[in-house]
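Everything numeric here is computed off the predicted structure, so don't read it as measured data.
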Amino acid sequence: MKKRILLWVGGLFTLFVVAVVVAFAFRSRLLNYTVQRVISKVENKYPVDFNIGGAEFVDWNSVVLSNISMVPHDHKPLFRTDSVHAAVSVGSIFRGRIVFQRIDVANAYVTAFKDGDVNNFSFLFKKEDDTPVDTTKKRNYGALLNRLIETAFDNVPDQVDFKNLNVSYLSTNRSIDLTMPYLTMDDGTIDTEVSVKVDSLVNNMRVTGTIDPRDYMISASLYGFDERGIVVPYVKEKFDGTVAFDTVHVSLSEKDFSRDILTVKGSAMVNGLVVNHEKLADEDIHVKESALDYVISIGPNLYVIDSLTEVRVNKAKANIYAAYRNDETKIYDLKVKTKSVPGNDFFSSLPTGLFENLEGIQAEGNLKYKMSFHLNMDSVDQVRFNSDLDASDDFRIVSYGKRNLEKIKGSFVHTAYEYGKPVRTFTVGPSNAFYTPINEVSPYLRNAILTAEDAYFYRHDGFHEEAFRQAIAKNIKEGEFARGGSTISMQLVKNVFLTRQKTVTRKVEEAIIVWLIENLDLVSKNRLFEVYLNIIEWGPDVYGVKDATRFYFGKQPSELNLAEAIFLTSIIPSPKRYRSSFDSYGNLREWKSGYYRLIGGHMLRRGLISQAEYDNLYPNVQLYGRARDLIVTAPDAAPEEDTTEFELKTIDLFDYDF
């Protein structure tokens with residue numbers, strides 16, 4: 001029995017030795033066969049000449065490929081390299097196919113060019129066949145991205161050592177040059193230095209990271225060598241702005257594809273972010289640290305950012321849920337929710353340069369925010385929107401920074417702006433002869449303005465979600481910003497604190513200031529309305545209620561009748577178009593009657609005027625003073641026929657019963 005076992009083991013060993021000898025003897029033929037197969041496969045698939053000058057084993061499992069190039073037909077070379085040293089998997093030799101475990105590449109050049117419709121690379125993206133595409137079936141981008149991820153990870157060698165890798169792209173209006181002195185990947189560790197030149201912009205950076213192809217995991221960090229950090233290209237040319245950062249970290253930690261839905265998890269972090277654009281802010285926006293832990297799912301007609309996704313800006317954190325479904329109809333969902341955050345952390349986390357009036361605020365207590373939005377494009381009128389910023393009972397402002405939000409409680413100097421430029425400065429207070437206390441303003445005017453601009457001013461805390469929801473629906477249906485959702489508080493804050501900033505972030509700062517003023521009772525409702533009446537524009541260099549009543553009617557604010565009050569209310573949304581309300585004889589145009597019926601009817605239903613006052617209401621006012629001199633230009637004759645077609649658009653005229 002012992003002899004049989006020895007003979008059996010000896011036979012296996014002999015067979016193994018023979019196999020090794022045969023494999024070793026024929027490995028050069030196998031290598032040449034594999035090389036020719038690769039060349040034939042590439043040239044059959046693409047219109048190129050693919051050349052490998054030499055291929056040979058230099059030891060038991062090391063191969064050298066030299067003078068490799070890919071030259072598209074009738075074009076300049078797309079790729080060339082001096083040599084490729086590769087370590088071959090021994091097991092692959094026995095399986096009859098060469099699989100590389102380690103790749104060393106020296107002096108590799110990828111050169112792409114484009115001149116009009118002529119280029120040397122578009123053939124790589126053409127379809128392999130002319131199979132007709134089923135246009136009735138939407139593409140599953142989740143499945144496509146899953147294939148790309150798996151293909152990329154499955155072809156990652158165990159070890160890589162690139163020296164002097166160069167990639168360039170040249171077109172009639174763009175040039176890109178990437179130089180990589182070295183790139184190493186060993187036992188899952190990645191390290192490289194990169195210099196990227198886009199036109200005249202040069203970024204020098206280092207990239208380090210780790211990769212685990214078996215679990216589809218990768219993590220990378222990118223650091224800038226220069227003091228200015230890494231500047232994102234094309235932002236200046238395309239958007240006339242700049243985006244730069246010191247460091248960025250990105251990772252993919254988990255991937256799952258099931259039931260046609262791809263779910264990926266990972267994180268990203270950007271340090272030292274600097275953004276500059278005139279539509280965002282007047283100066284550089286600085287974010288010291290921002291981070292994102294993401295969970296994203298993509299499937300047929302489905303794109304979801306899971307509620308587990310957390311966004312952090314400095315110390316402030318929020319969970320975000322966003323979804324877009326495009327099956328039978330388009331449906332959008334967005335939710336934002338924060339945990340309780342100390343007030344000081346909230347204000348100190350706001351990006352510097354973005355909210356000028358809020359910089360430097362010190363607070364005690366905690367804040368918590370949640371928002372939800374739902375829109376079905378088949379029922380836009382049913383759009384849902386809710387937004388709540390809650391404060392703890394002990395929340396208060398300890399000190400203000402650049403702006404004292406309580407300045408409007410007393411006299412202050414106000415500057416009116418037009419198109420970002422100051423046009424008039426005056427005091428809002430008793431020292432100004434044109435200042436009018438609220439109790440000296442005609443109740444007709446006060447009630448008409450509240451009816452048209454903000455019917456629930458004395459009942460809400462600065463915001464009216466129903467008005468905002470209706471504004472969203474109207475703007476979506478008309479495809480443009482046709483209506484705002486501003487309350488009187490929001491209009492006042494915009495005029496007093498934010499007139500210099502015509503930016504997309506102004507609305508956010510406006511909302512925060514309004515919330516602070518209203519919810520902390522920094523200023524009374526009556527005082528807010530009083531200041532509003534004394535600063536808003538009512539015509540050519542006409543600011544405040546007394547200036548307006550004297551300009552149009554030669555009266556004091558307390559002397560206005562109902563018709564005059566409704567007229568002044570009607571021009572608040574577009575004060576510079578005041579002349580369009582009249583013909584050349586100084587008569588209100590016919591289309592004004594619709595506005596008078598609308599506002600008068602609402603005032604009647606709310607009990608602000610009597611039935612008799614409504615019955616005697618006509619769109620008729622008598623101009624005096626400067627307004628008459630500017631408006632009445634016709635000779636003393638019969639009034640002209642009104643042929644004007646004009647639709648009045650108010651800032652915030654609510655289309656529902658009061």
Side-chain angles (χ1 to χ4, degrees), residues 356-358 397 400-450 452-454 457-458 462 486-502 506 509-510 512-518 520-553 555-560 565 568-569 571-573 575-576 578 626 651-652:
E356 179 183 3
N357 294 279
L358 301 172
I397 300 298
Y400 295 104
K402 288 188 175 182
R403 297 288 184 273
N404 181 0
L405 302 184
E406 293 185 84
K407 75 173 187 177
I408 56 178
K409 291 176 70 173
S411 295
F412 66 97
V413 176
H414 175 65
T415 299
Y417 286 82
E418 288 185 9
Y419 310 110
K421 296 181 179 180
V423 293
R424 185 173 169 184
T425 298
F426 54 91
T427 298
V428 182
S431 63
N432 181 354
F434 281 82
Y435 174 77
T436 307
I438 192 170
N439 59 358
E440 295 180 14
V441 177
S442 165
Y444 288 134
L445 181 60
R446 298 201 308 262
N447 291 328
I449 290 175
L450 289 173
E453 296 292 319
D454 192 351
F457 172 72
Y458 281 97
S486 295
T487 61
I488 284 178
S489 302
M490 296 170 73
Q491 295 177 51
L492 177 64
V493 165
K494 178 183 67 176
N495 279 280
V496 173
F497 295 101
L498 307 172
T499 49
R500 300 181 186 182
Q501 301 177 339
K502 305 296 183 183
R506 184 182 68 183
E509 185 174 16
E510 174 187 303
I512 295 174
I513 294 174
V514 168
W515 186 90
L516 290 171
I517 289 175
E518 291 264 17
L520 301 183
D521 295 324
L522 302 182
V523 184
S524 70
K525 285 285 191 178
N526 271 349
R527 178 57 181 170
L528 290 173
F529 195 22
E530 183 175 86
V531 173
Y532 173 85
L533 292 170
N534 278 276
I535 68 170
I536 61 173
E537 183 183 6
W538 254 303
D541 196 32
V542 177
Y543 292 91
V545 60
K546 182 176 287 190
D547 203 2
T549 57
R550 294 182 63 175
F551 174 77
Y552 290 102
F553 309 120
K555 292 183 175 183
Q556 295 297 320
S558 61
E559 300 172 336
L560 292 176
L568 288 178
T569 299
I571 63 173
I572 290 176
K576 288 182 171 53
Y578 70 101
R626 287 196 299 141
I651 294 177
D652 203 359

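- Put simply, the side chain of Leu516 reaches to within 4.5 Å of the side chain of Leu358, judged on heavy atoms.
- In this structure, Phe412 and Lys407 approach most closely via the heavy-atom pair CD2-O, 3.9 Å.
- With Glu440 contributing its side chain and Pro437 its backbone, the two residues share no donor-acceptor pair below 3.5 Å.
- Side-chain atoms of Glu509 come within 3.5 Å of backbone atoms of Asn357 as a donor-acceptor pair (strictly under, hydrogens ignored).
- You'll find the side chain of Glu453 stays beyond 4.5 Å of the side chain of Ser486, heavy atoms only.
- Under the 3.5 Å distance criterion, the side-chain polar atoms of Asn495 are left unmatched by any main-chain donor or acceptor of Tyr532.
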- Message: Let's go through Leu405 and Val493 carefully: what are the C-alpha distance in whole Å and the side-chain angles of both, what is the deciding distance for side chain to side chain contact (heavy atoms under 4.5 Å, CB included) to 0.1 Å, and is it a yes or a no?
- Response: CA-CA 9 Å; Leu405 302 184; Val493 165; over 6 Å; no

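- A heavy-atom distance below 4.5 Å is not found between the side chains of Thr427 and Tyr435.
- Counting only distance, with no hydrogens or angles, the side chain of Thr487 and the backbone of Gly462 share a donor-acceptor pair below 3.5 Å.
- Nearest heavy-atom pair, Lys546 versus Pro557, reported as atom, atom and distance to 0.1 Å: CA-CG, 3.7 Å.
- In this structure, CZ in Arg506 is found 11.0 Å from CD1 in Ile513, a value given to the nearest 0.5 Å.
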- Task: Test side chain to side chain contact (heavy atoms under 4.5 Å, CB included) on Thr436 and Leu533 and set out the steps.
- Result: CA-CA 8 Å; Thr436 307; Leu533 292 170; over 6 Å; no

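- With sequence neighbours left out, the side chain to side chain donor-acceptor pair (under 3.5 Å) criterion links Asn432 to no other residue.
- Closest of all the heavy-atom pairs between Phe497 and Asn404 is CE2-O, 4.0 Å.
- Using modelled atom types and a 3.5 Å distance limit, the side chains of Asn526 and Tyr458 yield a donor-acceptor pair.
- With hydrogens and angles ignored, the 3.5 Å screen pairs no side-chain donor or acceptor of Trp538 with any backbone N or O of Asp547.
- Atom OG1 in Thr425 sits 8.5 Å away from atom NE2 in His414 (nearest 0.5 Å).
- With a 4.5 Å cut-off on side-chain heavy atoms, Glu406 and Tyr400 count as touching.
- Atoms CZ and CZ, from Arg626 and Arg550 in turn, are 9.5 Å apart once rounded to the nearest 0.5 Å.
- Across all their heavy atoms, Pro430 and Ser411 have their closest contact at CD-OG, 3.4 Å.
- Residue pairs meeting the salt bridge (charged side-chain N to carboxylate O under 4.0 Å, His left out) criterion with at least one partner in residues 527-538, sequence neighbours excluded, are Arg527-Glu530, Glu537-Lys576.
- The closest donor-acceptor contact from the side chain of Ser442 to the backbone of Tyr444 lies under 3.5 Å.
- Residue Leu498 holds its CG atom at 10.5 Å from CG of Leu492, rounded to the nearest 0.5 Å.
- For the atom pair Ile408 CD1 and Ile517 CD1, the distance stands at 4.5 Å (nearest 0.5 Å).
- Here the shortest heavy-atom pairing between Tyr543 and Ala416 reads CE2-CB, 3.5 Å.
- When each of Leu445, Ile449, Val545 is paired with Leu568, the side-chain contact (heavy atoms from CB on, under 4.5 Å) condition holds for Leu445 and for no other.
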- Are Phe426 and Phe434 close enough, and set up right, to give a ring-ring contact (aromatic ring centres under 6.0 Å, His included), and what steps lead you there? CA-CA 10 Å; Phe426 54 91; Phe434 281 82; 9.5 Å; no

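- For the residue pair Val441 and Arg446, the shortest heavy atom distance occurs at O-NH1, 2.5 Å.
- Annotation: the span from Phe457 atom CZ to Leu450 atom CG amounts to 7.0 Å, rounded to 0.5 Å.
- No donor-acceptor pair under 3.5 Å is formed between the side chain of Lys494 and the backbone N or O of Glu510.
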- Task: Evaluate the side chain to side chain contact (heavy atoms under 4.5 Å, CB included) criterion for residues Ile488 and Leu528: first the C-alpha distance (whole Å), next the side-chain angles of each, then the deciding distance (0.1 Å), finally the verdict.
- Result: CA-CA 8 Å; Ile488 284 178; Leu528 290 173; 5.9 Å; no

